[in-house]
Amino acid sequence: MLEKLTPADADSVYDLMLLSFPENELRSREDHKNMFSDARFNAYGVKNESGGLSAFITFWRLNGFTFGEHFAVDPSLRGAGLGARLLGEFLELCELPAVLEVEPPETDTARRRIGFYERSGFVLNGYDYTQPPLGRGRSAVRLMVMSFPRPLDKSAFERVRSELYKEVYRASDI
């Protein structure tokens, strides 16, 4: 079902990201396109019969783990199992452990999203975490880290956070 996406798909991925994420959790369109030239960055997706993008996941292969950065399903297709299938295929592709960021469980939407990932085997880690600003005029975002297949101990969490800040966000520790 998943197919590797190329720089030619970058605009379609970004358009679906705009429907799925708050602005502070997105890079600029230009910065997003530039990520396709980084060998550690990967984008996989599911296209419909007409070649339009139905769902995607972007991830980074980093030092000892895989970071799922953005994952979205077209809003008109949500709730039919496509996301769960896509996430399962992602977990088969990635180097374990896998980590991803989620909003804290303070809203119904955030709690549903965390539950979705938990049903796929992810565990919510209780450590403080802030996503650095993703561009000029953007704010840092308080998030949480989920991991698969098991929780991260404090030392592993600190290594993951440091690697994300350095390699993905190109920021120093906040």
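These figures come from a predicted structure and were not determined experimentally.
Asp31 has no carboxylate O lying under 4.0 Å from a charged side-chain N of Arg136, or vice versa, which leaves the two without a salt bridge. A salt bridge links Lys33 with Asp11: the closest approach of a Lys/Arg side-chain nitrogen to an acidic carboxylate oxygen falls below 4.0 angstrom.
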With side chain to side chain contact (heavy atoms under 4.5 Å, CB included) as the criterion, how do Val46 and Leu86 come out once you've worked through the C-alpha distance, each side chain's angles and the decisive distance to 0.1 Å?
CA-CA 8 Å; Val46 176; Leu86 178 68; 4.1 Å; yes
Should Val168 and Phe41 be marked as a side chain to side chain contact (heavy atoms under 4.5 Å, CB included) after you check the CA-CA gap, both sets of side-chain angles, and the distance that decides it?
CA-CA 9 Å; Val168 174; Phe41 177 80; over 6 Å; no
Please lay out, stage by stage, how Ser155 and Arg159 fare under the test side chain to side chain donor-acceptor pair (under 3.5 Å).
CA-CA 6 Å; Ser155 175; Arg159 283 192 308 275; 2.8 Å; yes
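Residues satisfying the side-chain hydrogen bond (donor to acceptor under 3.5 Å, both in side chains) criterion with Glu3, sequence neighbours excluded, are absent altogether.
Tyr169 contributes no side-chain N or O that, together with a main-chain N or O of Pro133, makes up a donor-acceptor pair within less than 3.5 Å. A donor-acceptor pair under 3.5 Å is absent between the side-chain atoms of Asp9 and the main chain of Ser12, judged by distance alone. A distance-only check finds a donor-acceptor pair linking the side chain of Arg119 to the backbone of Gly115 [under 3.5 Å]. Remark: the backbone N or O of Val145 is paired with a side-chain donor or acceptor of Asn125 at under 3.5 angstrom. Judged by distance alone, the side chain of Tyr127 and the main-chain N or O of Met144 form no donor-acceptor pair under 3.5 Å. At least one donor-acceptor pair closer than 3.5 Å links the side chain of Arg111 to the backbone N or O of Pro105. With hydrogens and angles ignored, the 3.5 Å screen pairs a side-chain donor or acceptor of Asn42 with a backbone N or O of Arg40.
At a cut-off of 3.5 Å, with distance as the only test, no side-chain donor of Glu167 or Trp60 sits close to an acceptor on the other residue. Residues Glu101 and Gln131 bring a donor and an acceptor atom of their side chains to less than 3.5 Å of each other. Remark: the Ser20 side chain and the Arg78 side chain contain an N/O donor-acceptor pair separated by less than 3.5 Å. Side-chain polar atoms of Ser54 and Asp74 form no donor-acceptor pair below 3.5 angstrom.
No more than 12 heavy atoms of other residues, nucleotides or ligands lie within 6.0 Å of CZ in Arg150, so this atom counts as exposed by the packing criterion.
With ring centers used as reference points, Phe59 lies 6.0 Å or more from Phe67. Proximity of the aromatic rings of His70 and Phe56 is defined here by a centroid distance below 6.0 angstrom, and this criterion is not met.
Placement of Val99 and Met35 within a single hydrophobic cluster is found when ILVMFWY residues are connected by side-chain heavy-atom separations under 4.5 Å, directly or transitively. Residues Leu100 and Leu152 do not share a hydrophobic cluster, defined by chaining ILVMFWY side chains whose heavy atoms lie under 4.5 Å apart.
Annotation: side chain of Thr107 is not in contact with side chain of Arg112 (no heavy-atom distance under 4.5 Å).
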